[in-house]
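Written below as structure tokens is the structure these notes are about.
Proteins come first, then strands; the chains are lettered A, B, ... in the order of their sequence lines, and each starts at number 1. Only a predicted model underlies this, so the values are computations on that prediction, with no experimental measurement involved.
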Number of protein chains: 2
Amino acid sequence: MKEKDEKTEVRILEAAKEVFTKHGLYGARMQEIADIAGINKALLHYYFRNKEKLFDAVFEGALKKYFEQMMVIGDTSLPVKERLFVFVDNMFTFLEEYPMMAIFILKEVTLNPDVFRQKIKQIKSNQPFLIDVLQDAMDKKEIKSFDPFVFMINLQSLCAYPFIAGPIYKNMFISHGYDWGNTHDNIEKIKDSVKEFITFKFQ
Amino acid sequence: MKEKDEKTEVRILEAAKEVFTKHGLYGARMQEIADIAGINKALLHYYFRNKEKLFDAVFEGALKKYFEQMMVIGDTSLPVKERLFVFVDNMFTFLEEYPMMAIFILKEVTLNPDVFRQKIKQIKSNQPFLIDVLQDAMDKKEIKSFDPFVFMINLQSLCAYPFIAGPIYKNMFISHGYDWGNTHDNIEKIKDSVKEFITFKFQ
DNA sequence: TTATAGTTTAACCAAATGGTTAATTTTTGG
DNA sequence: CCAAAAATTAACCATTTGGTTAAACTATAA
């Protein structure tokens, strides 16, 4: 049972997010969601008619947040390189908060891409896409020319994967007698290495 | 029903791998595994006493394969840089074949790290670890000095993430009117960019 | 106060699920 | 060829699952 003053619908959504994230649509149990939300199972169906509807309600928000973070770059007046640094900082902040959501979304989208095509399409933003910003800077000869598509994937790989694979690395390192140290410190080191990669790419 | 001449146990393991990969231990259905294997559900329990036992049987092999690929570097007589190129080639070949397994393992390990600590520990290899090879080359001044731990994560990020997030990118690009082109060609481009990263890091 | 709409619950239900049993078919070895 | 062992199946079973129903509680507003 969570805080009593919180609105039931919010509690349900939080609980559902937790359970769906852990087990996916298929493996999630309505009873577990109800338990975590501290309510009766029937009330779940009162607020969200069925499992898929509840899943959609939880998921739509998360997906939007994720893609906005992944694709969009803040529209400031800074030079491109500085904007990318801000982008990296945002990515790390976001991923440190939602590491499980990242892997969950990746898996769900991978499993049935067609279901998500519609939802991804709907996500619009008034901020420019990373890839367009890069292309623009290249056209203006502000930065060295390279494939912005490959660069974007490289960049997101360097940011996202350490979070996705974090637990594996930790286990592996400790198992094999390496020193893991403080997790946040390691994340900072990795963040720096990403910025180093940007600097390298920009000449 | 799959090929009749294949041994039942193998067919079960293949079917189980497929279903567990899609839905995880929690969401997988024994009936679906039986159907895909083309057998009775009771026969499943005849070969593997219960769901967890079957899961373990499937998973143990996959986990081993995955970690050996991820951690280990071929012990050839080539210089370190060339050995890393071979490592990258192997990673891409492996991931192109098992893209779903990668994300599956990542999620399962992330969900309950403690369960996998034991299994990961058991995986031994007679080939040296990437991280040790790098440290050795640095000690011998063969390559520029940097943090081998961060480098290993960077390298694996650049290799693995494009496969994990592949379907997302494809959807996103097409949705926003970019040209995706041929998937394998894109993979080759990304592979080249990883090698470029190695070259940059090695001076 | 009281009628009303919104919220929450206990008790159900039909279907699905993991697992078992006992019988049947197939393979094996003498 | 035959009997023992191994492989396979149909028919079950107990429990869990998503979902429903009807009643009860609570806030609201006239």
State which of dG19(D), dT17(D), dG18(C) makes the closest approach to the side chain of Arg29(B). dG18(C)
Between P on dA15(C) and NZ on Lys51(A), what's the gap in Å once rounded to a whole number? 18 Å
Take the protein atom CZ of Phe48(B) and the nucleotide atom C1' of dG18(C), then report the distance between them rounded to whole Å. 16 Å
Whole Å only: how far is the CE atom of Met30(B) from the C1' atom of dT16(D)? 16 Å
Could you check how far CG of Asn50(A) sits from P of dG19(D), rounded to whole Å? 5 Å
At under 4.0 Å between heavy atoms, what does Ala28(A) touch on the DNA or RNA strands: base, sugar-phosphate, or nothing? sugar-phosphate
Assess whether salt bridge (charged side-chain N to carboxylate O under 4.0 Å, His left out) is satisfied between Glu96(A) and Lys191(A), documenting all intermediate values. CA-CA 12 Å; Glu96(A) 222 167 338; Lys191(A) 198 203 279 182; over 6 Å; no
CD1 on Ile198(A) to NZ on Lys81(A), rounded to 0.5 Å: 8.5 Å
When the aromatic ring centroids of Phe149(B) and Tyr178(A) are compared, is their separation below 6.0 Å? no
Is Thr8(B) close enough to dT8(D) that one of its side-chain N or O atoms is under 4.0 Å from OP1 or OP2 there? yes
Atom-pair distance (CD1 on Ile33(B); C1' on dG19(C)), nearest Å: 14 Å
Could you check His45(A) against Asn40(B) and say which one's nearest nucleotide on DNA chain D is further toward the 5' end? Asn40(B)
Measure up the Phe163(A) and Phe92(A) rings against each other and bin them: parallel (under 30°), tilted (30 to 60°), perpendicular (over 60°). perpendicular
Given dT17(C), dT9(D), dA10(C), identify the nucleotide with an atom nearest to the side chain of Ala42(B). dT9(D)
Between His23(B) (NE2) and dT17(C) (P), how many Å, whole number? 11 Å
Proximity of Phe104(B) and Phe59(B) rings by center, below 6.0 Å: yes
Which is true for Tyr47(B) with a 4.0 Å heavy-atom rule: it touches a base, it touches only sugar-phosphate, or it touches nothing? sugar-phosphate
Leu43(B) CG to dT21(C) C1', straight-line distance once rounded to whole Å: 15 Å
Strictly below 4.0 Å: does Tyr46(B) bring a side-chain N or O up to OP1 or OP2 of dA7(D)? yes
How long is the line joining NZ of Lys41(B) and C1' of dT17(C), in whole Å? 6 Å
